[in-house]
Amino acid sequence: MKLQMIGTGNAFAKKYFNNNSLIEQDGFKLLIDCGITAPLALYELGIGMEELDAVLITHTHGDHVGGLEEYGFQMKFKHGRKPVLYVADTLVEPLWNHTLSGGMTQEGLEKLEDAFDVRPLRAGEVQELAPNLCVELLRTQHIAGKKSYSVILNRDVFYSADMTFDRELLTTLVRDRGVRRIFHEVQLEGPGQVHTTLDELLSLPEEIQELTKLMHYADNKDQFEGRAGKMSFLEQGEVYSI
Ligand SMILES: Nc1ccn([C@@H]2O[C@@H]3COP(=O)(O)O[C@H]3[C@H]2O)c(=O)n1
Ligand SMILES: [Zn+2]
Ligand SMILES: [Zn+2]
């Protein structure tokens, strides 16, 4: 399996695109999150939106879903098909009613399923998306009253949604569930009210830090090179075999 971050930035980053990633397994391309900057980020990497086989959404903030309107419209009007959209069953209604309906509603486009081939996912259930690619959503805490879902890829790779620090989850995943890689969002400075801070991640045992790569960071990430313990930063555009 390959992972390429089309962006590694947080919601306010200007040097980096939104934290969205391209997973590739046996030629199947899955985009995890499609934020405001995703159409441009893909364009700059030379990847057409029509090359994606599916998009999976973690939660309904703009840096994770703001590119879906263009994606849906490009696929409908340029390519004449509905793109596959994996999303937690609980987010189907808010994704349309609170995010996309304003821009996308027109005759024939009255619900999410009119624009996308919606494949609802239930948290805690492993679902095969393609040969040798399965995912499981885990409900993780981000903002009170807003549902957010981290992802386990092929049972042993944890990819965090935006989330507050959850030491117990990370420890259990590694020690009891055989997770061998962690891709984790990070807030480099300040208190982690809705995100996980670097200081919190630095409090993890070294054996867990060694498995952890950091993403969803601010523009001043370079100042933190060498200050992330045993962890390292994912780089935008680079292709990782995972
Ligand atoms: N209670 C909140 C809610 C939101 N925010 C900021 O808004 C951003 C939305 O995208 P994000 O990537 O979840 O990061 C959030 C915070 O920067 C925040 O700082 N506090
Ligand atoms: Zn975010
Ligand atoms: Zn968020």
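In listed order, ligands and their atoms are each counted from 1.
Ion pairing between E136 and R177 holds under the 4.0 Å rule for side-chain N and carboxylate O. A salt bridge links R180 with D156: the closest approach of a Lys/Arg side-chain nitrogen to an acidic carboxylate oxygen falls below 4.0 angstrom.
Around the Zn ion (ligand 3), protein N, O or S atoms at a distance under 2.8 Å total 4; waters are neither shown nor counted.
A heavy-atom distance below 4.5 Å is not found between the side chains of V55 and L30. Counting only heavy atoms from C-beta outward, the side chains of Y217 and E185 never approach each other to under 4.5 Å.
Residue contact check for ligand 1: D63 places a non-hydrogen atom closer than 4.0 Å to it. Ligand 1 does not have Q193 within reach: every non-hydrogen atom of the residue lies 4.0 Å or more from it.
The atoms of ligand 1 that sit less than 4.0 Å from any heavy atom of H142 are 13 (O). Within ligand 1, counting atoms from 1 as listed, the ones closer than 4.0 Å to a heavy atom of F12 are 6 (C), 7 (O), 17 (O).
In terms of protein heavy-atom proximity, atom 3 (C) of ligand 1 is closest to I143 CD1, 3.4 Å. Of the protein's non-hydrogen atoms, H195 NE2, 2.8 Å is the one closest to atom 14 (O) of ligand 1. At the top of the distance list for atom 1 (N) of ligand 1, counting protein heavy atoms only, stands V194 CG1, 3.6 Å.
Ring geometry for H195 against H216 counts as tilted: the plane angle lies between 30° and 60°, on a 0 to 90° scale. Between Y159 and F183, the angle of the ring planes lies from 30° to 60°, which puts this pair in the tilted group.
Checked against ring pair (Phe, Tyr, Trp, His ring centres under 6.0 Å), F73 has the following partners two or more places apart in sequence or in another chain: F77.
With a 4.0 Å cut-off on non-hydrogen atoms, H216 touches ligand 1 through its side chain and not its backbone.
At least one N or O atom of D162, backbone or side chain, sits closer than 3.5 Å to an N or O atom of ligand 1.
Checking K213, Q4, K221 one by one against E235, the side-chain hydrogen bond (donor to acceptor under 3.5 Å, both in side chains) holds for a single residue, K221.
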request  = Take K111 and E93 through the salt bridge (charged side-chain N to carboxylate O under 4.0 Å, His left out) test and state the conclusion after the steps.
outcome  = CA-CA 9 Å; K111 53 187 187 304; E93 186 271 336; over 6 Å; no

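Counting only N and O atoms by type, the side chains of E200 and T197 include a donor and acceptor under 3.5 Å apart.
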